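To start, the structure under review is shown below, and the notes come after it.
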Amino acid sequence: NPEDGFSRLKRWIMIGDHHQLPPVIKNMAFQKFSNMEQSLFTRLVRLGVPTVDLDAQGRARASICNLYNWRYSKLGNLPHVVTWPEFEMANPGMGFDFQLINVEGFNGVGESEPNPYFFQNLAEAEYVVALFMFMRLIGYPADKISILTTYNGQKHLIRDVINQRCGNNPLIGRPSKVTTVDRFQGQQNDYILLSLVRTKAVGHLRDVRRLVVAMSRARLGLYVFARVSLFQNCYELSPTFNQLMQRPLQLHIAPNEIYPPARKVVERPLDILIVRNMPHMAQFVYDFYQRKIQMMSAQQSRAMPNLRPPAVERKPQEEMMDVTTVAKQPIDE
Ligand SMILES: Nc1ncnc2c1ncn2[C@@H]1O[C@H](COP(=O)(O)OP(=O)(O)OP(=O)(O)O)[C@@H](O)[C@H]1O
């Protein structure tokens, strides 16, 4: 109070996480010369202002939390991420609660860069959308699934693939969000499908803060699509990738299960399909979809014999190359 010189301010508490991404400063002068890329929170931590570290998280399964808790001094789990029913149950149709899925090039092509810094990877885009379609076909709600990627170019490609394959199909539709890891900071979803895009150089995932954001968005399921041979050699990322690589690098699905969850997380599914690669998954999802349509149309013709069966979509592999690398200008978000 400037009149009596008495300050009523007793304590100032700031809450932040300098292990996640900093603010985006578009002006080069502010960014580099004023060092505004460094957040006020980071600045104070570096100056030695006393801090208390978060020691228990309440978002994710403990297994998923292990993928990023090494970055924090002693981050454990609140009891409910083990005891609440949703955390006790396994993800139906999925062999694991998290998995790293190796994606080889499609017709020899991995990452592409139609415009500077506008990276895309068609094989990963098709694979990630095929998994989304599978999850929808076994009953997962669309709003519980988000698709994330580390590049704007890939975000646009995944949206294009969704439009082509399933976006307007009432049986499948679109996920809650298709966006970049950077944009999704601060948000979460039950199931995250993540495409890491790059196949020639690690790129900006080498910034561990981006890795921490990417690994910490999922509550119940995290499925990472990437060129393993590239990312496994990155020293900065190894505490996470070493864990990811302890599990099979081919997608494990259990097509006989349906959502909602019925199996405990400690139990293994009875029948597992090991998906060899993206074309295998695309073919499997196409056949799976056809069977579902036939079943539905048989049920419908029993109930209403005069109704024609619904139209089926084209086979994904026949049109795989229709979704060519889109040459949109990068949109800086
Ligand atoms: N004590 C608690 N009991 C139940 N749920 C909790 C508890 N603490 C956190 N959560 C859940 O954990 C999730 C993450 O919490 P919150 O959004 O506060 O974290 P955050 O630090 O902002 O996350 P981030 O910065 O990583 O996005 C939320 O879904 C929240 O409901």
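Indexing begins at 1, ligand by ligand and atom by atom, following the structure's order. Not measured: the values here are computed from a predicted model. Throughout, numbering of the chain's residues begins at 1 and tracks the sequence. Worth knowing before you read on, the calculation uses all heavy atoms, side chains too, and leaves out hydrogens, waters and symmetry mates.
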NZ/NE/NH1/NH2 to OD/OE distance under 4.0 Å, [X] and [Y]:
{"X": "Asp55", "Y": "Lys74", "result": "no"}
{"X": "Glu37", "Y": "Lys32", "result": "yes"}
{"X": "Arg227", "Y": "Glu111", "result": "no"}

Query - Part of Arg217 within contact of ligand 1 (heavy atoms, under 4.0 Å) - result: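 Looking at Arg217 and ligand 1, just side chain atoms fall under 4.0 Å.
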Query raised in the report: Which bit of Gln57 gets closer than 4.0 Å to ligand 1, counting heavy atoms only: side chain, backbone, both or neither?
Result: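 Gln57 to ligand 1: no contact under 4.0 Å from either part.
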Query - From Gly186, Ala56, Gly58 - option closest to atom 10 (N) of ligand 1 by heavy atom - result: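 Closest candidate by heavy-atom distance is Gly58.
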Query raised in the report: With respect to atom 20 (P) of ligand 1, which of Arg219, Arg59, Gln185 exhibits the smallest heavy-atom separation?
Result: Arg59
Query raised in the report: So, for Ala123 and Gly105, which heavy atoms are closest and what is the spacing to 0.1 Å?
Result: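 That would be CB-C, 4.4 Å.
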Query raised in the report: Under the 6.0 Å and 45° cation-pi test, does Arg198 pair with Phe231?
Result: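 Ring-cation test returns no.
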Does the protein place a non-hydrogen atom closer than 4.0 angstrom to [atom]?
{"atom": "atom 30 (C) of ligand 1", "value": "no"}
{"atom": "atom 23 (O) of ligand 1", "value": "yes"}
{"atom": "atom 18 (O) of ligand 1", "value": "no"}

Query - Close-contact set for ligand 1 against Gln188 heavy atoms, below 4.0 Å - result: 13 (C), 14 (C), 28 (C), 29 (O)
Taking N or O atoms only and a 3.5 Å limit, does [X] qualify as a polar contact for ligand 1?
{"X": "Ser216", "value": "no"}
{"X": "Leu78", "value": "no"}
{"X": "Gln20", "value": "yes"}

Query raised in the report: Looking only at protein heavy atoms, which one is nearest to atom 4 (C) of ligand 1, and how far off is it?
Result: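 Going by distance alone, atom 4 (C) of ligand 1 is nearest to His80 CE1, 3.1 Å.
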Report task. Mark yes when over 12 heavy atoms from residues, nucleotides or ligands other than Leu47 sit less than 6.0 Å from its CG; otherwise mark no. Result ->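 Atom CG in Leu47 is crowded, with more than 12 foreign heavy atoms closer than 6.0 Å.
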Report task. Decide if atom CE of Met28 counts as having more than 12 heavy atoms of other residues, nucleotides or ligands within a radius under 6.0 Å. Result -> no
Query raised in the report: In a check of salt bridge (charged side-chain N to carboxylate O under 4.0 Å, His left out) between Asp182 and each of Arg210, Arg217, Lys155, which one passes?
Result: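 Exactly one candidate clears the test, Arg210.
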